[in-house]
2 protein chains.
Amino acid sequence: MSDDGAGGRKPRADVVRNRAIILQTAQQHFQLHGVGTSLEAVAKDAGVGPATLYRHFPTREALLAGVLQLRSEELLVRQSQIAAVADADEALKQWMRALEDYFSTYSGLPEPLMVAAREREPGNPLTLPCEELIRTTEHYLTEAQRAGQVEDWVKGYDLFLAANSMAWIKSTGAGDETSLPGLRKMIENGYRRP
Amino acid sequence: MSDDGAGGRKPRADVVRNRAIILQTAQQHFQLHGVGTSLEAVAKDAGVGPATLYRHFPTREALLAGVLQLRSEELLVRQSQIAAVADADEALKQWMRALEDYFSTYSGLPEPLMVAAREREPGNPLTLPCEELIRTTEHYLTEAQRAGQVEDWVKGYDLFLAANSMAWIKSTGAGDETSLPGLRKMIENGYRRP
DNA sequence: ACCTGAACACCGTTCAAGT
DNA sequence: ACCTGAACACCGTTCAAGT
């Protein structure tokens, strides 16, 4: 499960400290300047050389995946809240909002997630979290379909794309307070059984 | 109407030639490498210095707007084809596809268009074409609403965002042959009157 | 008035040298 | 084994010098 070190027993103290400070700093920079922020600035702000950052996280996606892992707990909290919802259609709706919020955590996050969702190759570190999100979406979707509240032709992947698109619209700044609900209404009316 | 020169009478021959070759080269590079392509490479390939490109098109958006103007004729062709469609709902549907195709001409085009659609300021050269597209969308929408085929709460801007999102999904590579029609179906079912 | 190419700043990525 | 900072390559943007 550990993605650092060469399989040895005891990871050196400075290594785990560096990894932690890099992740923490990256999280702040992503929050402030979006996922396209300068990695050089992250390294400098974390007090490490650029090569150290690259050793820990070979690609920007790897760093992003590491940061997102810190945020995954919040999603579990949302899921436990949704578990208390009796109506399957309402549960699906709330999960869609949770997805949308999750995708909106950092500016520019939707794009790499979309790319990772396409290429199912394990080379991309974002593929795994994406697949998990799609699986969860399929779960809520199936429940709603079993209750006869959602059309049978709807797929979990479609809803994943839809939620991601909503976050992207928010990310670009388009989509004011009136247009976003309008879009949501269109999507919801589109998949719900009349 | 002319956006080049200092309002003088006769633009110099090399100026118009440079502008033409820059636009043509940029069009090819956008097509091959997306709208985020290297402007330096465009200038070099066009046989001009980088400063010449900047003089003609001070921002990447200005260059993009110039290139898109070349493509605007195709959109007019689509409109004339749609004019032959009797059913207002079908006309709207076809216009949505035309929009989606237009947004898909270059990889990465949806994003700057979204930004331009938000900031209505005339500083962004893409604002004008965006507003025109939204106006046209409102036209087809109003017709369909007048025919009682589309919900009253739907707005032209919402459909503009939806078509742009579809193009964005295509642009990222996600959205295979099954998921894109699924999303379209969701959106169409969402705004159509049952 | 316009063009040119050099110059500057910034960033991603890698490598030789340290500990 | 890991870290460091210098080094390289690339690109956007501007400026002094040309015509």
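Chain letters run A, B, ... following the sequence lines, proteins first, then strands; residues in each count from 1. What you are looking at is a predicted structure, and each value in this text was computed from that prediction instead of being measured.
B:Asp45 has its CG atom 13 Å from the P atom of D:dC11, to the nearest Å. Following rounding to the nearest Å, A:Leu53 (CG) and C:dT14 (P) show an atom-to-atom distance of 13 Å. One interatomic measurement links the two molecules: CG of B:Leu39 to C1' of D:dT14, which rounds to 15 Å at whole-angstrom precision. If you measure from atom CZ of A:Arg17 to atom P of D:dC2, you get 14 Å, rounded to the nearest angstrom. Nucleotide C:dC11 holds its C1' atom 15 Å from the CG atom of A:Leu63, rounded to whole Å. In this structure, the CD atom of B:Glu40 is 13 Å from the C1' atom of C:dA9, given to the nearest Å. Put simply, CZ on A:Phe57 is 16 Å from P on C:dG12, counting in whole angstrom units.
Note on A:Asn18: every side-chain N or O is 4.0 Å or more away from OP1 and OP2 of D:dC2. Proximity of B:Ser38 to the phosphate of D:dG12: a side-chain N or O atom is located under 4.0 Å from OP1 or OP2. Listed pair A:His56 / D:dC2 fails the phosphate criterion, with no side-chain N or O lying under 4.0 Å from OP1 or OP2.
Residue B:Arg55 has its side chain nearest to C:dC2 when only C:dT14, C:dA6, C:dC2 are considered. Out of C:dC3, C:dT13, D:dG12, the shortest distance to the side chain of B:Tyr54 is found at D:dG12. In this structure, of D:dT4, D:dT14, D:dC3, it is D:dT14 that holds the atom nearest to the side chain of B:Ala51.
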Self-check item: Verdict with supporting geometry, B:Asn164 and A:Ile169, side-chain contact (heavy atoms from CB on, under 4.5 Å)
Solution: CA-CA 9 Å; B:Asn164 208 343; A:Ile169 293 173; over 6 Å; no
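Between the side chains of B:Ser104 and B:Asp101, not a single donor N or O lies within less than 3.5 Å of an accepting N or O.
Counting non-hydrogen atoms of other residues, nucleotides and ligands closer than 6.0 Å to CD of B:Gln28 gives a total above 12.
Between A:Trp168 and B:Trp168, the ring planes are parallel. Angles under 30° get that label, and only those over 60° would be called perpendicular.
When both pairing distances are held under 3.5 Å, C:dT14 makes a Watson-Crick or G-U pair with D:dA6. Judged by Watson-Crick or G-U wobble contacts below 3.5 Å, the nucleotide D:dT19 has C:dA1 as its partner.
Within 4.0 Å of A:Thr59, counting heavy atoms only, lies no atom of the nucleic acid at all. At the heavy-atom level, A:Thr52 lies under 4.0 Å from base atoms of the strands shown.
Following chains of ILVMFWY side-chain contacts shorter than 4.5 Å, one can reach A:Leu99 starting from A:Ile82, so the two form part of one hydrophobic cluster.
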